[in-house]
Amino acid sequence: MSKKLVLIDGNSIAYRAFFALPLLNNEKGIHTNAVYGFTMMLMKILEEEKPTHILVAFDAGKTTFRHKTFSEYKGGRQKTPPELSEQFPFIRELLTAYGIAQYELENYEADDIIGTLSLLAEKEGFDTKVISGDKDLTQLSSDKTIVNITRKGITDIEEYTPDHIKEKYGLTPIQIIDMKGLMGDASDNIPGVPGVGEKTAIKLLKEYGSLEKLMESLDQVSGKKLKDKLVEFKDQAIMSKELATINRQAPIVIELSELEYEGAENEKLVKMFKELGFNSLLDKLDTDVTETIELEDMKYKQIDTVDQDIFAKENGFYVEILEDNYHYADIVGFAIVNETGHYYLPVKTALASEAFKKWAEDESSQKIVYDAKRSEVSLRHHGIHLKGAEFDVALASYILNPSESPDDLAAIARQHGFLIVQSDEAVFGKGAKRKIPEETKLAEHLVRKADVLVALKEKLEQDLWDNDQHDLFSSLEMPLSLVLADMEYQGVKLDTVRLENMGEEIKSRLAEIETKIFELAGEQFNINSPKQLGVILFEKLGLPVAKKTKTGFSTSADVLEKLASKHKIIEEILNYRQLGKLQSTYIEGLQKIVNKETNKVHTRFNQALTATGRLSSTDPNLQNIPIRLEEGRKIRQAFVPSEKDWVIFAADYSQIELRVLAHIAGDEKLIDAFRNDMDIHTKTAMEVFHVGKEEVTSNMRRHAKAVNFGIVYGISDYGLSQSLNISRKEAGEFIERYLESYPGVKEYMDEIVKDAKAKGYVQTLLHRRRYIPEITARNFNLRSFAERTAMNTPIQGSAADIIKKAMIDMAERLREEGLKTRLLLQVHDELIFEAPQNEIERLKKIVPEVMENAIDLKVPLKVDFSYGPTWYDAK
DNA sequence: GAGTTCACGC
DNA sequence: GACGTACGTGAACTCA
């Protein structure tokens with residue numbers, strides 16, 4: 001077996017982690033961000049590299065042999081912040097728990113230890129991986145040694161092989177040292193030659209090979225200024241090179257055999273993680289760790305005959321279904337935990353029991369559940385209408401922190417310190433190996449889950465109160481889960497014949513286009529392969545390369561569109577892509593998932609996923625059915641009412657996000673515009689371009705529309721420049737002018753960012769929160785992104801709140817009025833119903849009324865609606 | 001099976 | 001001065 005050595009630059013990685021992550025605190029107020037980042041990195045390395053040997057090297061003390069050469073080496077460097085210093089002991093302890101060797105050496109830096117050991121390892125036939133945040137280490141790269149340098153954060157790395165260095169700099173690894181000697185390194189206070197930067201250094205080295213050879217041939221150097229500098233600073237350059245050279249002969253007294261990695265002491269790790277408050281990392285430890293810890297015996301009773309006395313007023317109730325599509329999956333078992341005891345109910349027993357059904361449908365018997373909607377829908381397939389599910393742990397967790405909400409009950413439990421239940425993956429396995437274990441194991445697992453539900457409710461409910469989010473939970477998300485359950489269970493009818501005909505037509509058109517493309521290309525290839533397509537377009541046909549992805553040429557639509565005038569093949573390819581998308585995703589995709597007996601599709605709305613509070617939709621995703629291009633829009637002709645002579649009735653909010661913005665920001669002009677029901681894009685164009693209504697050109701309006709779009713989605717100047725195909729500078733100016741035009745909005749944007757920095761989160765009108773820790777990041781990108789998130793989330797999230805409220809109100813209103821109309825879908829700002837003809841007139845009044853009055857804002861909400869025999873016609 | 005690229009909606 | 005830039009789902013390809 002081959003030997004694999006991993007060498008980690010401990011100080012460098014700790015620094016990286018510290019600066020990449022916000023200052024986390026554990027319960028005792030100890031800073032833990034560097035330890036956390038370090039741990040993440042370690043876990044990743046261990047998993048990906050699977051080393052046989054491993055060592056973490058640290059710098060020892062303040063001075064090294066390099067200071068003898070140059071006393072100002074690393075001078076001017078900022079002192080290590082105390083918040084980081086205090087974390088080193090924990091990192092050391094962590095490494096001990098992992099059973100990973102550590103080493104430091106008086107007078108030497110971690111670099112030198114790593115350099116020395118990697119040289120030794122090469123001689124002994126190891127494959128070595130060096131991990132650092134310091135690019136200096138790349139000089140160690142060789143055919144046996146790969147150097148990984150962290151790029152941003154701590155887990156994103158760039159891999160330096162000799163080939164990669166050649167490609168990136170045109171140099172060999174050894175020449176990296178020469179480059180450093182010439183250009184210096186501000187961070188280490190290595191002077192180099194003034195006026196020589198990376199570009200010049202590379203040029204010189206490509207020509208002369210090394211610093212020494214360059215110095216020998218100084219007279220040949222072109223450019224007087226450069227030559228003078230090189231002459232003047234010759235000694236300084238040579239010294240700089242010396243400083244930058246890693247010592248590969250350090251007097252280390254440790255042997256490679258001592259670095260053998262035998263695995264972590266899991267119990268120590270679990271203990272440490274708990275102390276440090278790394279609950280989320282506990283999850284990532286080997287599953288057998290969570291199996292062994294603190295799992296006290298679970299006493300439970302298996303129920304063979306359901307009797308009233310196993311029920312109480314408040315019950316933890318867990319419904320287990322293994323597959324994720326609960327519309328088609330079987331229930332695997334139930335568990336109930338309450339003050340009377342712990343019970344496991346086999347599926348057959350429960351479903352055959354009248355007592356069970358009666359209890360499940362009893363509103364007054366409260367159930368604490370995990371994923372209410374999932375439980376409701378699956379029970380309904382067995383004729384049981386779950387009632388009294390008053391606390392959904394998954395939804396509560398999501399509301400408390402939508403970004404961190406795990407998708408497994410055990411993980412939520414762990415997050416809150418309850419280590420009494422295993423992960424589903426540990427019990428059922430994952431992927432192809434997922435299966436139901438023997439019944440006692442299953443029973444115990446389910447009972448534990450029901451048990452932890454009860455414990456979690458207590459904790460989560462308190463947290464909801466503390467955050468002033470209880471109302472959002474109990475009056476919005478909980479009732480909404482019932483509405484969504486109805487929608488999903490009801491499903492949407494498809495005209496499968498229509499779908500099939502469209503498929504046939506597209507198929508033949510695709511074949512035609514394919515022939516044309518092959519003719520134009522002069523050969524056959526897979527058009528769907530970006531790789532092959534790239535070769536054809538940019539190598540064979542020699543079209544100009546505008547953009548590259550990390551694996552090759554970019555062939556995305558925006559790139560291709562710019563090439564359209566250069567070759568006839570482009571248009572065909574874009575056409576092929578568009579039709580291919582319709583065929584594979586929509587026609588075939590829907591055909592795959594439609595219920596063959598009922599011709600209905602039953603989507604699942606994920607109510608606990610997005611960071612903003614929007615819903616998402618899967619299997620099929622009915623929130624991205626084409627509409628923009630007529631060609632694709634025709635897909636909507638296949639969406640029809642499920643009953644004869646009914647219609648599809650669609651109602652959408654007009655500019656809900658911008659209206660919300662007007663309200664939140666309290667911007668006079670924006671409020672005024674909406675009160676007067678103006679065309680908001682025209683209005684914005686008037687403001688931004690300082691023109692009258694009549695002078696707004698279609699191009700101005702288009703630009704204004706894109707800026708409004710940008711505000712709603714929180715895109716950057718770069719994003720705006722992409723969508724308008726203008727420069728980033730121009731895009732930035734547009735945004736600035738927008739903010740000048742709407743001073744209230746500008747003020748809001750400034751305030752919300754300040755607020756987010758102070759509180760660490762932002763919130764919506766109905767108190768939905770989103771935590772934005774990166775808002776204090778030192779990294780410009782992370783911080784900018786966080787700032788845009790802070791500005792955008794209250795807008796988009798409040799809009800999501802409002803339509804959710806409208807859905808609940810709508811369901812209630814339909815019930816009150818005894819209408820047969822059914823709500824089928826929600827697509828972020830629109831609701832789609834199916835309705836009998838004779839209810840249309842009522843709906844025309846009720847739907848806008850309910851939707852527009854879902855909340856009271858400083859501006860009116862406006863709803864447009866339409867209806868027709870198919871979804872296509874409801875436009 | 002995981003990661004990448006592309007494309008659809010809001 | 002560079003970084004890599006709304007979110008979500010799904011398909012096909014590619015590599016291991």
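Letters A, B, ... mirror the listed sequences (proteins, then strands); counts begin at 1. Everything quoted here is computed from the prediction, not taken from an experiment.
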At under 4.0 Å between heavy atoms, what does [X] touch on the DNA or RNA strands: base, sugar-phosphate, or nothing?
| X | answer |
| --- | --- |
| R783(A) | nothing |
| T555(A) | sugar-phosphate |
| Q532(A) | sugar-phosphate |
| D829(A) | sugar-phosphate |
| Y718(A) | base |
| L582(A) | nothing |

Could I get the full list of side-chain hydrogen bond (donor to acceptor under 3.5 Å, both in side chains) partners for [X], not counting sequence neighbours?
| X | answer |
| --- | --- |
| S556(A) | S554(A), D558(A) |
| E572(A) | none |
| S481(A) | none |

Contiguous pairing runs of three or more, Watson-Crick or G-U under 3.5 Å, that involve DNA chain C
B:1-9 with C:7-15
Atom C1', compared across dC10(B) and dG4(C): separation rounded to whole Å
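These two C1' atoms come out 23 Å apart once rounded.
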Of R788(A) and F780(A), whose closest DNA chain C nucleotide lies nearer the 5' terminus?
F780(A)
Assess the pair F734(A) and Y738(A): is the distance between their ring centroids shorter than 6.0 Å?
no
Can you tell which of [options] lies closest to the side chain of [X]?
| X | options | value |
| --- | --- | --- |
| A432(A) | dG1(B), dA7(B), dC6(B) | dG1(B) |
| T549(A) | dC3(C), dC13(C), dC6(B) | dC6(B) |
| S554(A) | dC7(C), dC6(B), dC15(C) | dC6(B) |

Compare every heavy atom of P620(A) with every heavy atom of T603(A), then report the nearest pair and how far apart it is.
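Taking every non-hydrogen atom into account, OG1-O, 2.7 Å.
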Nearest-Å distance, CG (N528(A)) to P (dA7(B))?
10 Å
Once you round it to whole Å, what is the distance between P of dC7(C) and CD of Q722(A)?
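The distance from CD of Q722(A) to P of dC7(C) comes to 15 Å, rounded to the nearest Å.
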Members of residues 605-624 of chain A that approach DNA chain B, where some heavy atom sits under 4.0 Å away
R614(A), Q623(A), N624(A)
Quick check on contacts: within residues 703-713 of chain A, what sits under 4.0 Å from DNA chain B by heavy-atom distance?
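Hits under 4.0 Å, by residue number: Y713(A).
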How about D134(A) and S12(A): does a side-chain donor come under 3.5 Å of a side-chain acceptor?
no
